[in-house]
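Beneath this line is the structure, given in structure tokens, with notes to follow.
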Amino acid sequence: MNRIDLSRRPFSLDHTLSCGQVFRWERQGAWWQGIVGNDLIRVRQEGDILMYESGNEETIRSYFQLDLDLDRILQSIDRDPVIHGAIGHCRGLRIVRQDPWECLASYICATYANIPGIIKKIQLLCESFGEPFDTEYGTCYRFPSAEAIASSELCDIRDCRLGYRSEYLCETARRITDDPAWAGRIAALSCGEARTELMAFRGVGPKVADCVLLFAFARYEVFPVDVWISRIMHGCYGLPIPSAYQRIAAEGRAIFGDYAGYAQEYLFCDRQRLVPGRS
DNA sequence: CGCCAGGCGGGAC
DNA sequence: GTCCCGCATGGC
């Protein structure tokens with residue numbers, strides 16, 4: 001059994017993995033199991049100790065961004081009673097560092113679907129096109145490469161129940177296969193330029209682009225707006241509903257500052273409490 | 001059953 | 001530029 005001493009750094013494994021930013025982690029009793037890159041990771045938290053029995057410390061530290069000063073970030077976004085409540089409720093949630101292709105493909109599949117449904121679609125996608133590997137915990141599947149998707153028949157991708165998203169995913173996979181340096185190029189761009197570049201992929205609009213910027217490129221200033229965030233910004237911050245995407249995003253950025261994306265995740269994580277009367 | 005979901009593309013204007 | 005609609009599927 002390996003241990004990472006969190007040494008009083010705020011971290012909540014449960015909030016981090018169940019808040020809806022990632023779709024491939026499974027809870028197995030006290031353990032969480034997921035695949036990061038090529039590796040199976042099994043982790044479990046007990047207070048200030050993060051235990052792991054598969055995977056290596058460097059991967060885990062980097063994936064969960066354990067060396068990021070979360071206290072400082074939370075202090076910087078804690079600017080009103082609404083976000084203060086969300087922070088109190090979800091403290092320790094960290095934005096994980098996702099692989100750019102997995103994040104992009106996942107959020108293309110996530111449009112206009114609910115989270116349990118997204119999890120199923122992506123699981124089907126991985127079991128159909130991902131590379132299987134055996135572990136002492138059973139057979140696991142890596143996230144399919146862009147090449148694997150690009151070289152598959154559209155009808156086989158449709159079998160993963162992606163609906164109209166199938167063609168978007170397939171086309172984006174082909175473009176990325178032809179341009180393997182895409183992520184490095186985007187990482188070097190300014191936020192606005194990177195966003196434009198991402199939105200050139202089919203199936204990627206402002207919301208998906210912002211999620212990819214936030215979750216894969218660590219652009220913590222972007223404020224993705226989905227229907228829940230829209231409701232919260234209406235109900236708790238007085239914005240008219242409906243408001244244009246860019247208006248809400250700009251307002252989030254103005255209210256919360258350089259870590260608006262972190263604020264967004266805390267609000268999203270706490271959405272059921274913040275938007276009463278929905279489940 | 002009907003309504004909704006981490007929206008987007010395309011067309012109208 | 002903004003508004004509006006259709007969309008394929010499943011969760012609740």
Side-chain angles (χ1 to χ4, degrees), chain A residues 15-25 86 90 93-96 98 100 102-125 127-128 154-173 175 192 195-217 219-220 222-236 239-250 252 260-279:
Chain A
H15 281 124
T16 297
L17 293 179
S18 61
C19 72
Q21 61 177 324
V22 287
F23 307 109
R24 287 245 292 153
W25 284 85
C90 309
L93 186 166
R94 284 174 183 265
I95 292 177
V96 307
Q98 297 190 38
E102 176 169 345
C103 185
L104 177 62
S106 297
Y107 278 89
I108 286 174
C109 298
T111 63
Y112 202 44
N114 53 37
I115 290 175
I118 296 164
I119 290 169
K120 287 192 173 170
K121 289 179 209 305
I122 291 178
Q123 183 180 352
L124 262 176
L125 194 68
E127 289 173 2
S128 304
L154 189 55
C155 54
D156 294 331
I157 296 168
R158 280 224 175 76
D159 286 345
C160 298
R161 319 311 293 159
L162 298 182
Y164 60 88
R165 309 167 189 88
S166 307
E167 283 137 67
Y168 303 153
L169 179 65
C170 197
E171 198 171 320
T172 296
R175 281 199 41 199
R195 191 165 187 273
T196 303
E197 192 91 347
L198 285 167
M199 286 177 63
F201 292 116
R202 272 180 61 81
V204 180
K207 196 273 180 177
V208 170
D210 284 347
C211 285
V212 174
L213 287 171
L214 181 59
F215 298 138
F217 292 98
R219 304 292 174 105
Y220 297 129
V222 303
F223 192 83
V225 179
D226 73 324
V227 292
W228 290 98
I229 291 298
S230 176
R231 280 178 203 137
I232 292 167
M233 294 303 283
H234 169 67
C236 304
L239 266 71
I241 199 162
S243 293
Y245 185 98
Q246 288 306 335
R247 158 118 200 246
I248 303 173
Y262 250 97
Q264 187 271 7
E265 264 319 90
Y266 274 78
L267 295 173
F268 184 81
C269 184
D270 204 20
R271 61 194 177 280
Q272 275 89 0
R273 199 180 60 84
L274 292 173
V275 186
R278 306 241 185 194
S279 59

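When reading the values below, keep in mind they use all heavy atoms of this one structure, side chains included, and skip hydrogens, waters and symmetry mates. Within every chain, numbering begins at 1; the chains are lettered A, B, ... in the order of the sequence lines, protein sequences first and strands thereafter.
- Residue A/Arg247 contributes atom CZ, which lies 12 Å from atom P of C/dC3 at whole-angstrom precision.
- Regarding A/Asp226, its CG atom lies at a distance of 15 Å from the P atom of B/dC4, rounded to whole Å.
- Remark: A/Tyr164 in residues 158-165 of chain A come within less than 4.0 Å of DNA chain B through at least one heavy atom.
- Residues A/Thr111 and A/Tyr164 are in side-chain contact: their nearest non-hydrogen atoms beyond the backbone lie under 4.5 Å apart.
- At whole-Å resolution of the value, OH in A/Tyr266 and P in B/dG6 are 20 Å apart.
- Contact check for A/Ile241 versus A/Ser230: side-chain heavy atoms found under the 4.5 Å cut-off.
- Minimum interatomic distance between A/Met233 and A/Phe223 (heavy atoms only, all atoms of both residues): SD-CZ, 4.0 Å.
- The heavy-atom pair separating A/Cys269 from A/His15 by the smallest distance is SG-CD2, 4.0 Å.
- If you check B/dA5, B/dG6, B/dC8 against the side chain of A/Val227, the one that comes closest is B/dA5.
- Going from atom OH of A/Tyr220 over to atom CG of A/Leu213 covers 12.5 Å, rounded to the nearest 0.5 Å.
- At a threshold of 4.5 Å between non-hydrogen side-chain atoms, the residues A/Val208 and A/Phe201 do not count as touching.
- Using a 4.5 Å cut-off on side-chain heavy atoms (C-beta onward), A/Leu125 and A/Leu169 make contact.
- Nucleic acid contact for A/Val225: none, since no nucleic acid atom lies under 4.0 Å from a heavy atom of the residue.
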Polar atom pairs (N or O), protein with nucleotides 9-13 of chain B, under 3.5 Å:
from: B/dG9; atom 1: OP1; to: A/Gly203; atom 2: N; distance (Å): 2.7
from: B/dG9; atom 1: OP1; to: A/Val204; atom 2: N; distance (Å): 3.4
from: B/dG9; atom 1: O3'; to: A/Arg202; atom 2: NH1; distance (Å): 3.2
from: B/dG10; atom 1: OP1; to: A/Arg202; atom 2: NH1; distance (Å): 3.1

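- With both ends at atom P, the span from B/dC1 to C/dG11 equals 16 Å, rounded to whole Å.
- Side-chain atoms of A/Thr16 and A/Gln21, non-hydrogen and from C-beta on, do get closer than 4.5 Å to each other.
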Point to revise | Dot-bracket summary - DNA chain B, pairs being Watson-Crick or G-U whose distances fall under 3.5 Å, with | when paired to another strand | key: .||||.|||||||
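- Atom pair A/Leu267:CG and B/dG6:P shows a separation of 16 Å (rounding to whole Å applied).
- The shortest side-chain heavy-atom distance between A/Pro224 and A/Leu214 falls under the 4.5 Å cut-off.
- Distance CZ (A/Arg231) to P (B/dG6): 9 Å, rounded to an integer number of Å.
- Within 4.0 Å (heavy atoms only), A/Ala113 reaches at least one base atom of the nucleic acid.
- Within the structure, the salt bridge (charged side-chain N to carboxylate O under 4.0 Å, His left out) test picks out the following pairs touching residues 261-270 of chain A (sequence neighbours left out): A/Asp270-A/Arg273.
- Between the CD atom of A/Glu171 and the C1' atom of B/dC8 there is a distance of 13 Å, given to the nearest Å.
- A/Phe23 has its side chain out of reach of A/Gln123: every pair of non-hydrogen atoms, C-beta onward, lies at least 4.5 Å apart.
- At a non-hydrogen distance threshold of 4.0 Å, A/Asn114, A/Ile115 from residues 114-124 of chain A come into contact with DNA chain B.
- Atom CD1 of residue A/Ile229 and atom CG of residue A/Leu274 lie 8.5 Å apart, to the nearest 0.5 angstrom.
- For the pair A/Arg271 and A/Phe268, the cation sits on the ring face: its NZ or CZ lies under 6.0 Å from the ring centre, inside 45° of the axis.
- Atom C1' of nucleotide B/dG6 and atom CG of A/Leu213 are separated by 15 Å, given to the nearest angstrom.
- Using P as the reference atom, B/dG6 and C/dC4 are 24 Å apart when rounded to the nearest Å.
- Separating the CZ atom in A/Phe217 from the CD atom in A/Gln98 is a distance of 11.0 Å, to the nearest 0.5 Å.
- Residue contacts shown for A/Glu265 include a base, since a base heavy atom lies under 4.0 Å away.
- Stacking is not found between A/Tyr112 and the pyrimidine-like six-membered ring of the B/dA5 base under the 5.5 Å centre-distance and 30° plane-angle cut-offs.
- Comparing the same atom, P, in B/dG9 and in C/dG10 gives a spacing of 22 Å after rounding to whole Å.
- Distance A/Ile157 CD1 to C/dA8 C1': 15 Å, rounded to the nearest Å.
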Check residues 112-121 of chain A and write down every donor-acceptor pair under 3.5 Å in which the side-chain atom is one partner and the other belongs to a residue at least two apart or another chain.
from: A/Asn114; atom 1: OD1; to: A/Gly117; atom 2: N; distance (Å): 3.2
from: A/Lys121; atom 1: NZ; to: A/Arg161; atom 2: O; distance (Å): 3.2

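- B/dG7 and C/dC12 are spaced 16 Å apart, taking the P atom of each and rounding to whole Å.
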